Amino acid sequence: MDEELMQIMQHIHDGHHFILSGGAGSGKTYTLVQVIKQIIREYPTSLIACITYTNAAVREIESRVNHNNLRVSTIHDFLWDCIGNFQKELHDSIVELINDGAISVSGNVNLPISTDFFVQNEELKPIQYKEYLHVSDGVISHDEVLKVAKYMFNHYPKLRDVVKGSYPFILIDEYQDTSPLVIEILLHSFDEDDKRRTIIGFFGDTMQAIYDDGVGDIDTYKYPSGKVYEVKKEQNRRSPQVIIDLANKIRFDGLIQRHSEDSNATNMKDGQVKTGRAYFLYSNSESTTIDDVRFFLQNEQGWDFSNPQTIKELNLTHRLIAGKAGFATLMEIHSSDGIMKYRDKVHRFVKRHDVDTTDKTFGDVLHFLENTFTDDRTKRGFSQTSDMESFINNNQALYRQALDYSYDEFIKMYVSNDQLIDDKKQEEDDKSKTGSKRSELVQHLMKIENCIYLYSCGEVGDFLKITEKKVLSISDKRTLHEAIDQLINSSEMRIGEVIDLADELGIVRKDEALERYKEHNPYVYYRVMDVPYREVQSLYKYLEGMTPFSTQHKTKGAEYDNVFVILDNGKWNNYNFEKLFTASGDELNNSVVKRTRKIFYVCCTRTKENLAVFYHLPSRDVLIKAREWFGIDNVILISK
């Protein structure tokens, strides 16, 4: 029995909650599976709930452990299984959460609502959990399940008793990305009393907590100040020695990895750990391009950039990727719309000068500013820049539309990169991840394309889970096949046409979330409607790893033979690669520095063979630290 498994089982025997902390490539999932098997052996009548983040991970664990006592599911499915049969309590809880403002209802609904809100034709509508949202019809989705579950576990002790009585063991994979709401449920609500003790086990790595909306760590719950006992897993089964050494220099939580002692591990060959190579490449010339760096890696090191299965190019931002990957217009709408940028500039001026915008259109406000603030110096505060002017001249119809919007409504319309391509995947397998900022519109489009993909790949079971299309007969199957064929051949259609078609065919219905987005963001909504649907297809392929490109966030959990990391924060203030190499003392505790170290750690530890990091125009201090981390011979100047 492995040392870590022995320690975990001792904590279980003692009735302790526990956490397995392991670095990248340590085999945390392997240990999770071993723990499940050992619990089954020692507690053959007890049910085990294992919570993962994707349906793919569910299938992976189920394939390794096939036992009737094991329930593997995503967190949302698990919580719904716990609360879904308590319909009266569900209705009462949702009414309370709507009245408290925690759950929104679209349409003209007067608050507070009464307890008969869900009564129709003298019957109570059942509350259902779906991939879409229709609260007024009793249909809730991912975010609402978390809120309702927390409320119910806090307010209904009998519900806690039922769940704790059913599951003596609950194991959480990738705990660091778990919503804080889930942690509160498991470590607060479930431990309100000790009449029935459920042991909670966490598996993960705080250094891979790169999503701000996840809990990150549960250090405050660790023994001795808390009730969760830590077990460290220090072996690394993936990385060659140079990557292990580099990763240990980057970590700041005290966990030091060593190479695996298992001769069958990925990083072992002929009984010895692989050496590997790690390069820090840099340029001193403005004219050096990424293509120059790729040329060096391809011709000097033999890297094959045409094979996305063996190499990944990792960027922090998506803008440079979008054109190559085929979704440039969607990216432009979400990141560099000149009219929206002009609106923001005007609004800053309006706030600074306390201009009354009541009952005025955007055009009315512009007219007022132009006639009131006439001197050239002041006018520059609300005038168009050359980029804005060029965009507006090329999009006159859009500009006229914007001029007619109510000013106060127009400034509330929000758009950002994250709404298009937040690094938490929103396809069916990963849609339930915590905290994604994808807009309801983009989530809807990804659901359409995911339906097409699952059906085309023969994953009919997963397809039926997310579609609203009913298949009850041979005729239904034939109709479904014809409907999917229509969607597959939709690349020359506009996005708006495909949304209408998917709704008409019953594959993906328009729901409250989509209608709410349309109501609140008509400018962006109608811009997107006119984009060719092939850009959605390209976006989906990019998100699913079907191209050689990826963002640094998106690659977490994956591994490749060769990894090329481009250190450019793209003016994103959440990250600072200069400080990654130069911070010292108290600066190391800065949230931006810690966040940057974590994303760099994740990037470097994806490789099974070789790593190349590129930094454009580094400072002297950056190069000093790079030589310390990578070795003098591996810090290489790339010249054009």
Side-chain angles (χ1 to χ4, degrees), residues 1-14 16-39 42 48 50-53 57 60-61 64-65 169-178 183 199-210 214-219 221-224 226-241 243-268 273-274 276 556-559 597-598 601-602 604-608:
M1 188 182 292
D2 290 344
E3 180 182 347
E4 297 89 2
L5 178 58
M6 291 176 61
Q7 292 181 47
I8 290 172
M9 293 311 300
Q10 186 59 55
H11 286 308
I12 289 175
H13 298 155
D14 294 339
H16 296 158
H17 301 315
F18 66 89
I19 175 174
L20 178 76
S21 298
S26 61
K28 293 182 291 294
T29 301
Y30 172 82
T31 300
L32 169 62
V33 169
Q34 295 305 109
V35 169
I36 292 171
K37 290 180 177 179
Q38 191 62 29
I39 291 174
E42 296 190 22
I48 305 165
C50 179
I51 297 169
T52 71
Y53 273 87
E60 171 67 18
I61 292 173
R64 297 197 203 183
V65 187
F169 304 97
I170 299 177
L171 309 178
I172 318 294
D173 196 16
E174 300 288 356
Y175 80 86
Q176 71 275 0
D177 294 331
T178 302
I183 301 300
I199 293 176
I200 314 295
F202 301 91
F203 297 75
D205 181 9
T206 185
M207 279 298 293
Q208 297 186 66
I210 59 176
V215 71
D217 64 64
I218 55 172
D219 290 349
Y221 296 100
K222 288 181 182 178
Y223 179 83
K227 51 194 173 184
V228 180
Y229 289 73
E230 184 174 28
V231 175
K232 292 185 178 181
K233 189 173 179 63
E234 297 173 337
Q235 288 193 38
N236 185 312
R237 300 174 57 84
R238 174 197 299 153
S239 305
Q241 189 62 52
I243 302 301
I244 294 174
D245 294 342
L246 175 62
N248 285 337
K249 295 170 184 174
I250 300 169
R251 292 191 75 102
F252 53 79
D253 65 342
L255 192 152
I256 302 299
Q257 283 191 296
R258 62 185 189 276
H259 69 76
S260 174
E261 297 170 3
D262 180 359
S263 60
N264 295 317
T266 302
N267 58 359
M268 302 295 287
V273 64
K274 295 178 182 178
K556 189 167 85 72
E559 56 183 36
R597 286 180 78 117
K598 286 182 178 182
Y601 174 86
V602 168
C604 293
T605 54
R606 297 311 94 199
T607 185
K608 297 185 290 182

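All figures in this text were calculated on a predicted structure; none of them were measured in a lab.
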For this session: Measure the spacing between CD1 of Ile36 and CD1 of Ile48 and express it to the nearest 0.5 Å.
Result: 6.5 Å
Seminar exercise, completed: Taken in chain and number order and not counting sequence neighbours, the residues that satisfy ring-ring contact (aromatic ring centres under 6.0 Å, His included) with His259 are none
Exercise. Does Thr266 have any side-chain contact (heavy atoms from CB on, under 4.5 Å) partners at least two apart in sequence or in another chain, and if so, which?
Worked result: Lys608
Exercise. Can you check whether Thr605 reaches Ile250 side chain to side chain, under 4.5 Å on heavy atoms?
Worked result: no
Exercise. Quick check: does any side chain N or O of Gln38 sit under 3.5 Å from a backbone N or O of Met6, one acting as donor and the other as acceptor?
Worked result: no
Seminar exercise, completed: Correct closest heavy-atom pair for Leu246 and Cys604 would be CD2-SG, 3.9 Å
For this session: Could you walk me through whether His16 and Ile199 pass side-chain contact (heavy atoms from CB on, under 4.5 Å), step by step?
Result: CA-CA 6 Å; His16 296 158; Ile199 293 176; over 6 Å; no
Problem set entry | Heavy-atom pair of closest approach, residues Met207 and Arg597 | CE-O, 4.1 Å
Exercise. Listed by chain and number, what are the side-chain contact (heavy atoms from CB on, under 4.5 Å) partners of Glu230, not counting sequence neighbours?
Worked result: Ile19, Ser21, Lys222, Lys232
Exercise. Looking at the rings of Phe18 and Phe203, which for Trp means the six-membered one, are their centres under 6.0 Å apart?
Worked result: yes
For this session: Flag the pair Glu559 / Thr607 as yes when at least one side-chain heavy-atom distance between them is below 4.5 Å, and no otherwise.
Result: no
For this session: State which residues pass side-chain contact (heavy atoms from CB on, under 4.5 Å) with Asp245; sequence neighbours excluded, sorted by chain then number.
Result: Gln241
Problem set entry | Partner residues of Lys274 under the salt bridge (Lys or Arg N to Asp or Glu O under 4.0 Å) criterion, sequence neighbours left out | Glu609
Problem set entry | Residues in ring-ring contact (aromatic ring centres under 6.0 Å, His included) contact with Phe169, at least two apart in sequence or another chain | Tyr43
Seminar exercise, completed: The ring-ring contact (aromatic ring centres under 6.0 Å, His included) partners of Tyr223 (sequence neighbours excluded) come to Tyr229
Problem set entry | With sequence neighbours excluded, residues passing side-chain contact (heavy atoms from CB on, under 4.5 Å) with Asn264 | Asp262
Exercise. Does a side-chain heavy-atom distance below 4.5 Å link Tyr175 with Ile200?
Worked result: no
Exercise. Are Arg258 and Ile244 close enough that some pair of their side-chain heavy atoms sits under 4.5 Å apart?
Worked result: no
For this session: Kindly compute the distance separating CD1 (Ile12) from CD1 (Ile39), expressed to the nearest 0.5 Å.
Result: 4.0 Å
For this session: Start with the C-alpha gap between Arg238 and Asn236, add the side-chain angles, then the distance that decides, and say whether side-chain contact (heavy atoms from CB on, under 4.5 Å) holds.
Result: CA-CA 6 Å; Arg238 174 197 299 153; Asn236 185 312; 3.9 Å; yes
Exercise. Partners of Phe202 by ring-ring contact (aromatic ring centres under 6.0 Å, His included), sequence neighbours excluded?
Worked result: none
Problem set entry | Gap between atom CG of Asn248 and atom OG of Ser239 - 0.5 Å precision | 9.5 Å
For this session: Starting at CD1 of Ile51, measure out to OG1 of Thr178 and round the result to the nearest 0.5 Å.
Result: 8.0 Å
Seminar exercise, completed: Given the options Leu32, Asp2, Val35, Ile8 meets side chain to side chain contact (heavy atoms under 4.5 Å, CB included) only with Val35
Problem set entry | CA sep, side-chain torsions, deciding dist, call: Gln235, Ser260, side-chain contact (heavy atoms from CB on, under 4.5 Å) | CA-CA 5 Å; Gln235 288 193 38; Ser260 174; 3.4 Å; yes
For this session: Would you check if the side chain of Asp173 reaches a backbone N or O of Thr52 as a donor-acceptor pair within less than 3.5 Å?
Result: no
Problem set entry | Non-hydrogen atoms of Tyr601 and Ala247 that approach each other most closely | CE1-CB, 3.6 Å
For this session: Please test Glu4 against Leu20 for side-chain contact (heavy atoms from CB on, under 4.5 Å), starting from the C-alpha separation and ending with a verdict.
Result: CA-CA 8 Å; Glu4 297 89 2; Leu20 178 76; 4.2 Å; yes
Exercise. Considering residues at least two apart in sequence or located in another chain, which fulfil the salt bridge (Lys or Arg N to Asp or Glu O under 4.0 Å) criterion with Glu42?
Worked result: none
Problem set entry | Spacing of CD1 belonging to Ile183 relative to CD1 belonging to Ile218, to within rounding of 0.5 Å | 6.0 Å
Exercise. About how many Å separate NZ of Lys28 and CD of Glu174, when rounded to the nearest 0.5 Å?
Worked result: 6.0 Å
For this session: Could you tell me whether Phe252 atom CZ has more than 12 heavy atoms of other residues or ligands within 6.0 Å of it?
Result: yes
Problem set entry | Donor-acceptor pair, side chain of Gln176 and main chain of Val215, under 3.5 angstrom | no
Problem set entry | Test salt bridge (Lys or Arg N to Asp or Glu O under 4.0 Å) applied to Asp205 - qualifying residues, sequence neighbours left out | Arg251
For this session: Tell me, please, which residues at least two apart from Lys249 pass salt bridge (Lys or Arg N to Asp or Glu O under 4.0 Å).
Result: none
